[in-house]
Student: 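One structure follows; several queries about it will come next.
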Amino acid sequence: MQGKKVGVTVTEHLLRQQRLTPQATGAFTLLFNELVVAAKLINRELNKAGLNDIYGFTGDINVYGEQVQKLDDYAHRVLVRRLSQSEQLCAMASEEDADIIEIPSTVPHGPYILLMDPLDGSSNIDVNVSVGTIFSIRRRLHEGGPVTLEEVLRKGTEQVAAGYFIYGSSTMLVYTTGQGVHGFTLHPALGEFFLSHENIRMPKRGKIFSINEGNYNYWDEGVRRYVDYLKTPDVSKGRPYTSRYIGSLVSDFHRNLLKGGIFMYPADRKDPKKPSGKLRLMFEAAPMAMVAEQAGGAATDGVRRILDIEPQTLHDRVPLFVGSQEDVDEAGRFLRGEAP
Ligand SMILES: O=P(O)(O)OC[C@H]1O[C@](O)(COP(=O)(O)O)[C@@H](O)[C@@H]1O
Ligand SMILES: [Mg+2]
Ligand SMILES: [Mg+2]
């Protein structure tokens, strides 16, 4: 039996979207194509991880005090190298760099700012569990001159595009430009991403919860009561929910995007240096929140809409509750102490 007829490429899909945006110049499509090339390079290294010297640590510590994995570093360098030559960017920022990354003055600058988590799910790299790359794209505020921190530190509502690559059993790209959420799968033989999941809609309510329960005793009471509630049998309400936790935000999010459910990384008292939880607002929470909302889901820090949060620094951390609308709403009621 023939496989599914390969169809729409990323470029074709972007050009379709571009036709719906009168002021579009094609710059975004050029930028996006470079992002796709960088992801293919990362994917190629990952696919042969174990045969190449890509496992283990570089010996460096990043701005979050975490040990940098060789693949974190490789992915970061590939993205910076490729995208800084795209002629569509005026600045970048990365989870793996303390400061704004300037575009060389030798390269023409463009209107976009790219923020990225080069490799998400680092703890899963050398155990062959799916990982990803997360990206967020914004337009600069002013023409010309060096990009200021003020131009980068803007709410998630000002993203013009966001998404992720997931390097799993298949390699996928999931993105939104504010016109719905679309998924593409990499055809290994053709080396091209083709549209495989058009206009993804997240189920309004799920049956899956994803949270690192090892931190249970460090959570606020509201979070503990909500997770206990999800595990309390009530067949009429579809409980108990199933627990699934991969430990890669991209992979846990992607499963819930397709099947419904809620991913949570709450604030906890485990590490006094991280009172707001582990995940990064600019590089992880804001892009995933844009994808979730565009697919009919929701994302909060337990109280505030993630996309409305004003970043204070490039490396802000934020509690994250993201997934099906009704589940995120219900979690919010428990955290506000309104639930029974
Ligand atoms: O091991 P923990 O504490 O459950 O944290 C897992 C979370 O940390 C992350 O790995 C953080 O992202 P990075 O791998 O990009 O640092 C998320 O992907 C994941 O959801
Ligand atoms: Mg990450
Ligand atoms: Mg990372």
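Each ligand, and each atom within it, is numbered from 1 in the order the structure gives. Because the structure is predicted, anything quoted here is derived from the model rather than measured.
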Student: Should you measure from each heavy atom of D117, which atoms of ligand 1 turn up under 4.0 Å away?
Tutor: 15 (O)
Student: Within this structure, what is the OG1-NZ distance for the pair T58 and K70, rounded to the nearest 0.5 Å?
Tutor: 9.0 Å
Student: Is I134 close enough to the Mg ion (ligand 3) to have an N, O or S atom under 2.8 Å?
Tutor: no
Student: A side-chain contact here means heavy atoms from C-beta on lying under 4.5 Å apart; do E293 and I306 qualify?
Tutor: no
Student: Out of the N/O/S atoms in E284, what is the name of the one closest to the Mg ion (ligand 2)?
Tutor: OE2
Student: What residue and atom, counting heavy atoms only, is the protein's closest point to atom 11 (C) of ligand 1, and at what distance?
Tutor: R280 NH2, 3.4 Å
Student: If the cut-off is 4.0 Å to any non-hydrogen atom of Y265, which atoms of ligand 1 fall inside it?
Tutor: 2 (P), 3 (O), 4 (O), 5 (O)
Student: Hey, which atoms in ligand 1 end up nearer than 4.0 Å to a heavy atom of Y245?
Tutor: 2 (P), 4 (O), 5 (O), 6 (C)
Student: Checking the N or O distance criterion of under 3.5 Å, is ligand 1 in contact with S123?
Tutor: no
Student: Measuring from the heavy atoms of L119, does anything fall under 4.0 Å of ligand 1?
Tutor: yes
Student: Could you tell me which atoms of ligand 1, counted from 1 in the order shown, lie closer than 4.0 angstrom to a heavy atom of F263?
Tutor: 20 (O)
Student: Any N/O/S of E95 under 2.8 Å from the Mg ion (ligand 3)?
Tutor: yes
Student: Looking at R239 and E330, is any side-chain nitrogen of the basic one under 4.0 Å from a carboxylate oxygen of the acidic one?
Tutor: no
Student: By atom name, which N, O or S atom belonging to D120 lies closest to the Mg ion (ligand 2)?
Tutor: OD1
Student: From M288 CE over to L307 CG, what is the distance, rounded to the nearest 0.5 angstrom?
Tutor: 13.0 Å
Student: What protein heavy atom is closest to atom 19 (C) of ligand 1, reported as residue, atom name and distance in Å?
Tutor: G247 O, 3.3 Å
Student: Is the charged tip of R140 near the ring of Y112: under 6.0 Å from the six-membered ring centre and within 45° of its axis?
Tutor: no
Student: To the closest 0.5 Å, what do you measure between CD1 (I208) and CG (D327)?
Tutor: 10.0 Å
Student: What is the name of the N/O/S atom of D117 that is nearest to the Mg ion (ligand 2)?
Tutor: OD2
Student: Among all protein non-hydrogen atoms, which one is nearest to atom 8 (O) of ligand 1, and what is the separation to 0.1 Å?
Tutor: K278 NZ, 3.1 Å
